[in-house]
Number of protein chains: 2
Amino acid sequence: MRRPTIADIARQAGVSKGAVSYALNGQPGVSEATRARILAIANEIGWRPNIAARALNGARAHAVGLALCRPARFLGVEPFFMELISGIEAELSARSYALLLQVVGDHEAEMGVYRRWWGEGRVDGAILVDLHLDDPRVPQVEEMGMPVVVLGHPSAAGSLVPVWADDSAAVRETVEYLVALGHRRIARVAGLPRLSHTAIRDRAFADVCAGLGLEAGPIVHTDYTGEEGARATRRLLSSPGRPTAIVFDNDIMAVAGLSVAQEMRLDVPADLSVVAWDDSPLCQVVRPPLTVLTRDIPAYGAHAAQRLLALIDGVESRSLEVRASRLTTRGSTAPPA
Amino acid sequence: MRRPTIADIARQAGVSKGAVSYALNGQPGVSEATRARILAIANEIGWRPNIAARALNGARAHAVGLALCRPARFLGVEPFFMELISGIEAELSARSYALLLQVVGDHEAEMGVYRRWWGEGRVDGAILVDLHLDDPRVPQVEEMGMPVVVLGHPSAAGSLVPVWADDSAAVRETVEYLVALGHRRIARVAGLPRLSHTAIRDRAFADVCAGLGLEAGPIVHTDYTGEEGARATRRLLSSPGRPTAIVFDNDIMAVAGLSVAQEMRLDVPADLSVVAWDDSPLCQVVRPPLTVLTRDIPAYGAHAAQRLLALIDGVESRSLEVRASRLTTRGSTAPPA
DNA sequence: GGAGTTCACTAAACCGGTTCAGTCAAGGGG
DNA sequence: CCCCTTGACTGAACCGGTTTAGTGAACTCC
């Protein structure tokens, strides 16, 4: 039982393929009566357009690509990507676009994937995440001519359309809040130093500390894993003049840090305040629940997808700034003892 | 600057399109000298096959579909899916297959997505997850005739190829271990009752308890969120004859349960032993680190993908049993006080 | 009432590959 | 020396749509 084609419909309706094509695509060129008849037949025999045939005529592939370049074991850890993906999807599926996903090992492999997808006509565009400082992907993608939206700060996006949030503002809000509580020694456990948003947060952290007259708080870089978060915390808490507050770049490290503090018989929040970047259910189930920098990640993804679809449709669009992370205070922060 | 086609190559090489096609696909019909010349030209002008054109000839779409039917906010919580996806991908990308991903709201939407993907020739097959009891998707997918691999117990997979692990054995191992430690009152905080693997674990739990002469331990069903895990734990720990050990169906609930116990001034593991299903970095960063049922989720996904690719290639394959979860003991379990 | 316009529709080309049926020349066997 | 096979290659059909050029009839308008 072959899949029905427009030729089948044409035969049954006693018209030409062309007429069927017009009817099915809502184009002028057929009478309303004929159109209705054709639609009825198409519906009855369960016809579906063959995207391959459509794509062959230069039509859209109706898919966009996303290649994630982090080791699988790190990916599972952070809810970020899954939430991002569901946000992207919400926007895409509303327009019947599919998402092509691939997990790759490095940027070279990632570019290979994009080149293949684009070259084979599989995707109409892509979303670039985890921007690096001087990211080699940016010029390469620019050269390919593929519509691309970048998740990250405009300063790193070259001529590509960036969708971004003002992390500096979030850092400022956090540090100012901790200082208002009375903290003077604040540390930051950051993610991968080569990621551009890490650099931006690092700088903002240093700037805000300086602006408030604090001595520059220590920054420790990690790979986002709980182990490194724990190690960093241990180091910070063992140092002379240890911090009374630590801001972590993700939730898993914050939880690990919380455990380390408790192991070291430090009370959270009395002896140490803890702030995590990005809220997740995890932050609310630990004791004390974590004060977090909350942002709407699905919305972030949705905005990126929307921007990309516009770009694919030929609508020129520039930078889009989404709402920055906001501080949600819970039990893990308090004035220092 | 149009994308180069085989016609361009043919013109430059002074041969016909057919010859180019043979050469590029490693088929007989051209001399080695000509083949080399054609390949060189193809390479030089950067030719890529247009999958749409290939697909039109009845070739594979070189993509498989995965529709996830859980609310976005639950998806982000569990590392399970991200790990599963990276496992699937590892296998797919080795064979240059792409993964089409969509997050859907309910089973009806999910079937709609599969029908569309399959009808449009976008995918060559799909992976079905989160099997329900009497899952309506199974007969519907069977009727579609699409190659499908099911992640779940054969008893629920109908005529579809199941890839599954023996959860009963894992439950047995866990309960026997807890009983050997001296526990007599063991409870289970389970996931969604309509999922078939929940039912299987429930039954196994009851059977093993009965077999060991324990009175049937209480089972509380939840939606996998930390809140419900916490509520369930609170209820269990407040009941007369409260359990001395609780087995949770995922990590986030176990962590929530751990917090609840600590809030109630119960020491883990002295007053309460905690076991989580599925290891994740999270389980190792909390204090005490959690005893868990570990399984290799990426391998699970990889096996499913492999089975699906075989099915697409027309290789008949039957049920595949992967290694069951194994108990990894950490600090959260001990003999009852 | 003849020219021009619009409408509804058809036939055929086209997209970029694959594949089948031939063609033609070289080589081998009897 | 001729027939037969084999190898290398060509030309054209084909996949399932879209799109363009064209056709015939009805309708409008002066």
Side-chain angles (χ1 to χ4, degrees), chain A residues 1-39 41-42 45-63 96 116-124, chain B residues 1-39 41-42 45-63 96 116-124:
Chain A
M1 230 199 42
R2 240 180 56 270
R3 276 182 27 184
T5 72
I6 57 163
D8 299 325
I9 301 177
R11 203 174 322 108
Q12 278 198 43
V15 295
S16 69
K17 274 171 49 175
V20 174
S21 179
Y22 292 140
L24 293 170
N25 292 295
Q27 290 198 22
V30 281
S31 65
E32 278 315 309
T34 309
R35 185 187 304 274
R37 191 156 44 94
I38 289 172
L39 286 173
I41 294 173
I45 66 176
W47 174 85
R48 302 261 167 177
N50 178 320
I51 37 134
R54 280 197 169 154
L56 206 46
N57 290 287
R60 313 260 90 111
H62 280 270
S96 288
R116 193 161 57 78
W117 281 348
W118 180 242
E120 292 177 350
R122 251 183 209 281
V123 300
D124 302 322
Chain B
M1 226 196 47
R2 241 180 57 268
R3 276 180 27 183
T5 72
I6 56 164
D8 299 326
I9 302 177
R11 203 174 322 110
Q12 279 199 43
V15 295
S16 69
K17 273 170 51 175
V20 174
S21 179
Y22 292 139
L24 293 170
N25 292 295
Q27 291 197 23
V30 281
S31 65
E32 279 314 310
T34 309
R35 185 186 304 275
R37 191 156 43 94
I38 289 172
L39 286 173
I41 294 173
I45 66 176
W47 175 86
R48 303 261 168 177
N50 178 320
I51 36 134
R54 279 199 170 152
L56 207 46
N57 289 287
R60 312 260 91 111
H62 282 270
S96 288
R116 192 160 59 77
W117 280 349
W118 180 242
E120 294 178 350
R122 251 182 209 281
V123 299
D124 301 322

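Protein chains get the first letters and strands the later ones, always in sequence-line order, with residue 1 at the start of each.
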*Quick one: A:I6 CD1 to C:dA11 P, roughly how many Å, whole number?*
14 Å
*So, do B:R54 and B:N25 sit near enough that their side-chain heavy atoms are less than 4.5 Å apart?*
yes
*On DNA chain D, nearest-nucleotide positions of A:L56 versus B:R37: which is more 5'?*
B:R37
*Tell me what B:Q27 touches on the nucleic acid: a base, only sugar-phosphate, or nothing, going by heavy atoms under 4.0 Å.*
sugar-phosphate
*Would you mind reading off the distance between B:N25 atom CG and C:dT19 atom P, rounded to a whole angstrom?*
8 Å
*Which sits closer to the 5' end of DNA chain D, B:N57 or B:V30, going by the nucleotide each is nearest to?*
B:V30
*Between A:R11 (CZ) and C:dA11 (P), how many Å, whole number?*
14 Å
*May I ask you to say what A:S31 touches in the nucleic acid, namely base, sugar-phosphate or nothing, with a heavy-atom cut-off under 4.0 Å?*
sugar-phosphate
*asked:* Applying a 4.0 Å non-hydrogen cut-off, can you work out what B:G14 is touching in the nucleic acid: base, sugar-phosphate, or nothing?
replied: sugar-phosphate
*Could one point to a donor on the side chain of A:Y22 or the base of C:dC7 with an acceptor on the other under 3.5 Å away?*
no
*Which value, rounded to the nearest 0.5 Å, describes the distance between A:R3 atom CZ and A:D8 atom CG?*
11.0 Å
*Have a look at A:G29 and say if it touches a base, only the backbone sugar-phosphate, or nothing, with a 4.0 Å heavy-atom cut-off.*
base
*Just call it for B:R48: base, sugar-phosphate, or nothing, with non-hydrogen atoms closer than 4.0 Å on any strand.*
sugar-phosphate
*Counting any heavy atom closer than 4.0 Å, what does A:G18 reach on the DNA or RNA strands: base, sugar-phosphate only, or nothing?*
base
_What is the first contacted nucleotide of DNA chain D and what is the last, in 5' to 3' order, if contact means an atom lying under 4.0 angstrom from a heavy atom of chain B?_
D:dA8 to D:dG16
*May I ask you to test the B:L24-B:W47 pair for a side-chain heavy-atom distance under 4.5 Å?*
yes
_Measuring from atom CD1 of B:I41 to atom CZ of B:R11, what distance do you get when rounded to the nearest 0.5 angstrom?_
11.0 Å
*Check every strand shown and say whether A:S21 touches a base, only sugar-phosphate, or nothing at a heavy-atom separation below 4.0 Å.*
base
_Min side-chain heavy-atom separation B:K17-B:T5 under 4.5 Å_ = no
*Roughly how far apart are A:I51 CD1 and A:S96 OG, rounded to 0.5 Å?*
12.0 Å
*Provide, to the nearest angstrom, the distance between the CD1 atom belonging to A:I38 and the C1' atom belonging to C:dC9.*
10 Å
*Just by modelled atom types, is the B:A13 backbone N or O under 3.5 Å from a matching donor or acceptor in the B:R37 side chain?*
yes
*asked:* Whole angstroms only, please: what is the NZ-P distance between A:K17 and C:dT10?
replied: 13 Å
*A:V15 near the nucleic acid: base, sugar-phosphate alone, or nothing, with a heavy-atom cut-off under 4.0 Å?*
sugar-phosphate
*B:N50 side chain: which of C:dT10, C:dA13, C:dG17 is closest?*
C:dG17
